[in-house]
Every structure is written in C-alpha cells, then in structure tokens.
Amino acid sequence: MKAPVKALSTLAVLGLGMTSLAACGSGSGEATSGDTLTYWASNQGTTVEDDRKVLEESLARFTEETGTEVELEVIPWTDLYNRILTAVSSGEGPDVLNIGNTWATTLQETGAFLPFEGDALEAVGGQDRFIQSSWSTGGAEGEAPTSIPLYGLSYSLYYNTEMFAAAGIEAPPETWDEFVETAKKLTIDTDGDGEIDQWGVSLAGSSISNNAHQAFVRGLQAGGSLFDENGEPTFASDEQVAGVKQWVDLMAVDKVVSPSNAEFTGGSQMVEDFAAGNAAMFFDQAPAKTLNARGFENFAAAPVPLTDPAATGDEATMSHVAGINLSVFNETDNEEGALKLAAHLTSDEEQVYLNKAFTSLPVLSAAYEDEAFQSEEITLKQGILENNAKPMPLISQEGQMETLVGTAIKNLFAQAATGTVTEDDIRTALEDANSQMAAAQ
Amino acid sequence: MSQLIEKPPASGGEPGAPQRPAPAVRRRRRSPFAYILIAPAVIMELLIHIIPMVLGVWIAFLGLSQLNIRNWLRAPFVGFDNFVAGLDPNGPIGGEFLASFGRTLVFTVVVLAIVWVLGIMAAVLLHSSFRGNGFLRTFFLIPYALPSYVATIAWAFMFSQRDGAINKILVDDLGILDERPFWLLGGNAFWVTVIVTAWQMWPFAFLMLLAALQNIPKDVYEAAAIDGASLWKQFLLITLPMIRPANGVLLLVMSLWIFNQFNVPFVLFGAAPPESAKLISPLIYQHSFSNWNFGLGGAMSVLLLILLFIASVIYVRMVLPKGKDID
C-alpha cells in the first residue's frame, strides 16, 4: 500500500494550490539503487552549465575512487525549494541534495532526511572538522542535524577603492555612524548636471532575503532579536525597529541610496550597479565572481560596520551564518554510497576545489591552509563567519519569517522611494508582520 | 448509451383484430470498444483534475504542515479552523485574504473590460476585407503566441523606473511626465499587472469574437443598411445579439482565467508582490508553498472554488442563452 499512498500524497500536494500549479516545479529525480547515485546541486556559479562543469570534475574523482556513478542535476534556486517539497511529499527524491542552510530546520521537521549521528556522522569525519558556526545551521538546537555544511558564506562591506581615494577617504568605516557619513561624502553629482549620479550605497530594496538578513543583523546589533526565548516573534520590539530604521534610513533619511534601488529584486542587480560605478559601497556575501567576470578590480572588502564598535556577543554580529548545506534523503536505497558522496564533497581536497571554483568559503578550518584562501578578502570573511556570524533563527517557520519581515522592509523601501518613512511607519509595518507570524504559529 | 427498443403494440388492441405476433425486440449491443476509447480521457481527467481537487478539499480540513507532509493521512483533523482563519476579517490572515479577494474582483472586472473592448474592436475591424488584413491578424496574435514568462520578464524590464523603455518614452522622449514614476512599486503595480495581463489575453478574445462574427450572414447587415441603420445601430442591434452565445461563453471563460491569474504577478514581483498587486492565487501559493501551511492554502482554494462555482452557475443560468433561445 505504500506506493499508492505516496502517489496520493503527490497528487494531494499538486492539488493543494489548484490555482497555483503553474509555478510549482515537478520532481523528476528519484533515489537510485546499486552503483548509481542521484545528486541535486544548487546553482552556485554564474550559470547552471558552469556549475555542471565544476561538479562533474569532482564527481569523476568520486566515481574513480568508489566505482559509483553519480547522476547530477544542477537546479536553479528559483526551483530548488519546490523540487524538494515535491520530493519530500512523494518520497521520490535524489539520494543526496543541497539545501539553503536557512531551510535546514524546516526540512528537518519533515523527517525526510538522514540525521547525522552515530555511523552517519562518523562517515563524514565527525563534527569537529567543520567550522562550528556553519555546523550549527544543520538543524534545530539540541537535535541531530539532518544537513551538514558544504559551502560557507558571510556578509562583508565591499567598497570602490578608486572612489574612496578620489574622496580622500583612507580607510573603510568601522561604525555605522562612520558608514553613513562616508556614504554621504560619496553621494555626489559628478558631472554637474544637478542630479546625483554616484550614490554612497547600493542595496536590493525588493529582495526579501537580503532585507530579512539585514533585519536580523541590524536588530542584533541594536540589542534586539526576531524571536524571544519562548519562540514568540518580536519583530516590532524597540531594538528591532531601531535596527530596521538604520537600514531603511539609508534611502529614506540619509539619502545615500538611489531610489531606483527600491526596485532591485536580487543581489546581482546591486552588484551590477556597483560595478557600473553607480555606487561606492554595498553589503554582500560572494560578489567576486560577478565582479571578476566584468573585469572590475577596484574593490576591497571590510568588516560590516557595528553600531557600537566596542560591542561583544550578539551585538557584534556582522552577518548571519550564510551558506549551503548537504542532506541525504532518507528514502535512498544506497545510504552507504550517499554518505560516501557527502564525505567526498566535504573532504579537505574537494572543499578547496569547490569553494575556489564558486568563490565561497570552505566549511572546514583545515581547508583555509590552502594558498587559494590566503587573500585578505577570504581571511576577513573567514573571521566574520567564525567569530561574528549567528545562524538565522533555527525554527521551522524561518522561511515565513523571512517572507514577512523581508516584505515589510521591501514595502518601506517602496514608500521611501516616493515619499517619507517615519519611525511609526516602520513600527506599524513590523507589527503587521509580527501579528501575521503569531497567527500562523 | 442509446438503446433502440421498439415498443410492442399495446396489448389488447382492437377487439376482433387479428393478433399479430410482437415484433422481435432489437437491441443494439453495447460495444466495449467505445469505453476503451474514452477510458484514457476519463483516467487522465480523474488523475489531473478530480482526484487532486477532492484531495485538496480534504486537506483543507487538516492541520497539514512540514511536520506531517510525508504522511499526510496522519495529519490532525482540524475541522473548519482553516476556513475560519481564512474568513475572519479581523484576523491578520483572514483580513489579508478578504482584501486580496476584493482586489482580485476589481482586477478581473477591469482586465475583462479592457480585453473585451480591444477584442471586439479588432474583430470588427478585421471582419471586413482590406489590404493588410492577413498581416494584422497575425500581428495581433503575437502576444498570445509568446511564452507567458518571457513576455512578462520583458514587460518588467520595460517598466523599470531608471532604465525602462516606458519611462524613457514618457519622460525623455515625449516629456509627458517630469519625473520617472515607479511602475513596479506601490499603487502602480496594480495597473502594471492589469496592462500585462490584458496584453496577453486580448488576442484570445479577438480570435473568438472574430470567429463569432463570421457566422453572421452578410445579408442581415445589407438589409439593415437599406433600412437606414447606422453602423453603431447595426453593431448594437445585429452584431451583439447574434454573437451573444459565443460572447457569453467567452466572458465566462476569460473571467475565470483572469480571476485565477498567477503567472503575471509572480514573474513581475516574485513570491511577495506589492500590496496593490497581491492577487488571490499568489496569496494561496505563498501560504501553501512558502509557509508550508497546506491546510490553510487548501481552505483558501476551496473557498475560491465554491465562490467561483456559484458565480459560474448563476452566470450560466442567467446570462447564457438556453437551447430554445439559440433556436
């Protein structure tokens, strides 16, 4: 009876939206048996095809070592979540797959993924090999993680070194106040036509995830948090409002962000804006591949400015622990092979190879000894990942939180682009998001 | 299935009439081949429409989330909780659902009006013969032929505030506006969704109405012209009544499509559209597939299904012509 029930489950999920099916991807991969594994990889490079080339080289080494073939599918981020949902509900998924690390707790609760404990944990070399902040994103606190880190990322401040030199600014700002002052100096009319054509900061005002990340970081720096110790949402606490206000004020009050940025839906538009010389600074995780592809070299990275430079603990947070994790599907017929593939992709050698190719951060401390990761930028980002990064709330409704908070801030940027935004506006928007979150819990 | 059975004459006939033997009852045998022919269609209809719909209704009564999605048969039964949450105007979820429902109704009426007016104008224009008629027919069908996603992405580029073609024309070239407005943010997002949806759908209305016009005999117009009826009167008193059956079906089908519009707002704005463009289908998607609250998403879908079904039945009974009307 198991198979018919699974088929019914799939049909049920497909029928859920009734009107929303057009955007729901369909699952095509399925766990394989014998000497073949299926692997769903997320899109890390500039194109799906680039990713395929990079990964096929690594997987060829795996096949050589173990004799196991791997069927690879690189899935764009826009489709990955729905593909996983379909796989979870139907039980027909790949053996091994990548997930966004902020999805880990939600996916853990489905029970569809193998817990990394006992022999499974041993198969990937144990927890101590990994950077602990990245490891902590593998699932809910106090439970065996159902995902292990694969690629690490962290936010830092990127700035245009030529623009800084032209403005006589010698060092990147260390505090938020200095950051705003620096941005104001760099917001200028360069051709004297009365219109600003170089802005201090670029940001993706319509990006739900970027806004949610900033609400998390800026809220922590202001002494707040998105949830209290009982798991109740506290989006509209005074500290959170203060943190979000810092972010929105860049456009609404400080006027150092072009109003057109309110329309940017993705980080790539922000990076392009920076590379085109329209802005002097931006916050991002791994823009180097885009900047390098454009031949843009006049940039450097710096720590994310802190509200209080003497802050420690949560108030010294510069980034959430960003990255991509790896999970093994419970329904795999080849658990041993799947764990071997997980061990291969997180081995010292492959971590160097993969993270170098994707300009991300290794999730193993040992991998940083390689000369590929000795640059100032990588050392800086490693330090932030290890010492100044906190995981996004490890709760099952993390995705809903990002949607609600990120959308509230997106709407505030839309308002800022065409008018004014007061502190009351920010509080009201966050209170609305808070009440929706509370109602859904 | 048709069964031809010749009734025997009434027993007892006229007294004294010679009793004829009852003719043999001829029965046409039911052919299993007919069932075999329609079986694939029935099975596919069941699999694609009926079963998912029934399961969707069932799920609306469950507390289905990521905790039990793998074995949803064990999801707790929550009765009408999901429906109450979806319909409570004072609750954050119900308030948003009802606001979105009202917005979608307005959206449907506005788009339908634009689509129909454009469709009938083009159909009337191209109903007559003139040089270039064939080219225009093909040209008008382009929006319908383009992949919806590709076309919507192109529109999103065109409506960009800083670099979009629309603002370049309105502000830089024609000087109609002094400042570049934001089309994809705030209240304008609603009108962008209207424009893109209408642009994609009007060729269908044009095609259907053109086909309906071609069924009207030309001599009716000739007679009306001889009697001195103006073109406008001909349109009102001949064209509209004579295309009424096709027009009625067209309006019903298109209003259902427009009401369920998902692709355009999703591609233009992503999973979190601006408030003004938050239509009902993206909202259901958000609850079901972003928040993993499948029970709530299912309940909203069922509410929508019921409302659209009732509206459709009323429309069919009141507006669509009955068989005798057509005769």
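Remember, it's a predicted structure, so these values are computed and weren't measured experimentally. Letters A, B, ... are given to chains in the order of the sequence lines, protein chains preceding strands, and every chain is numbered from 1. What's counted below: heavy atoms across the whole structure, side chains too, no hydrogens, waters or symmetry copies.
- With a 4.5 Å cut-off on non-hydrogen atoms, B:Ile93 touches chain A through its side chain but not through its backbone.
- Note: B:Arg162 CZ to A:Ser258 OG = 5.5 Å, rounded to the nearest 0.5 Å.
- Neither the backbone nor the side chain of B:Ser65 comes within less than 4.5 Å of any heavy atom of chain A.
- Taken to the nearest 0.5 Å, the OG atom of A:Ser89 stands 12.0 Å off from the CG atom of B:Asn71.
- With a 4.5 Å cut-off on non-hydrogen atoms, B:Trp58 does not touch chain A at all.
- Of the listed residues (B:Met300, B:Arg180, B:His287, B:Glu96), the greatest number of heavy-atom pairs within a distance under 4.5 Å of chain A belongs to B:Glu96.
- The candidate with the highest count of non-hydrogen atom pairs below 4.5 Å against chain A, out of B:Ser160, B:Ala189, B:Pro273, is B:Ser160.
- Between the CG atom of B:Asn291 and the OG1 atom of A:Thr106 there is a distance of 10.0 Å, given to the nearest 0.5 Å.
- Of all non-hydrogen atoms in A:Thr110 and B:Arg70, the two that sit nearest each other are O-CD, 2.9 Å.
- Heavy atoms of A:Asn434 lying under 4.5 Å from chain B are absent altogether.
- With chain B as partner, the option from A:Gly406, A:Gly399, A:Ser206, A:Ala262 having the largest number of non-hydrogen pairs under 4.5 angstrom is A:Ala262.
- From B:Phe269, atom CZ reaches atom CD1 of A:Ile208 across 12.5 Å, with rounding to the nearest 0.5 Å.
- Between atom CH2 of residue B:Trp292 and atom OH of residue A:Tyr81 there is a gap of 5.0 Å, rounded to the nearest 0.5 Å.
- Put simply, OG1 on A:Thr418 and CD on B:Glu179 are 11.0 Å apart, with the number rounded to the nearest 0.5 Å.
- In terms of heavy-atom pairs under 4.5 angstrom with chain B, the leader among A:Ala414, A:Ser435, A:Ala112 is A:Ala112.
- When atom types are taken as modelled, the side chain of A:Glu263 and the backbone of B:Gln161 share a donor-acceptor pair closer than 3.5 angstrom.
- Of the atoms belonging to B:Pro181, not a single heavy atom falls under 4.5 Å from chain A.
- Heavy-atom contacts from other residues, nucleotides or ligands closer than 6.0 Å to CZ of B:Phe77 number more than 12.
- Between B:Leu67 and A:Glu109, the shortest heavy-atom distance links the atoms CD2-OE1, 3.1 Å.
- In this structure, chain B has a heavy atom under 4.5 Å from the side chain of A:Thr403, while its backbone stays farther away.
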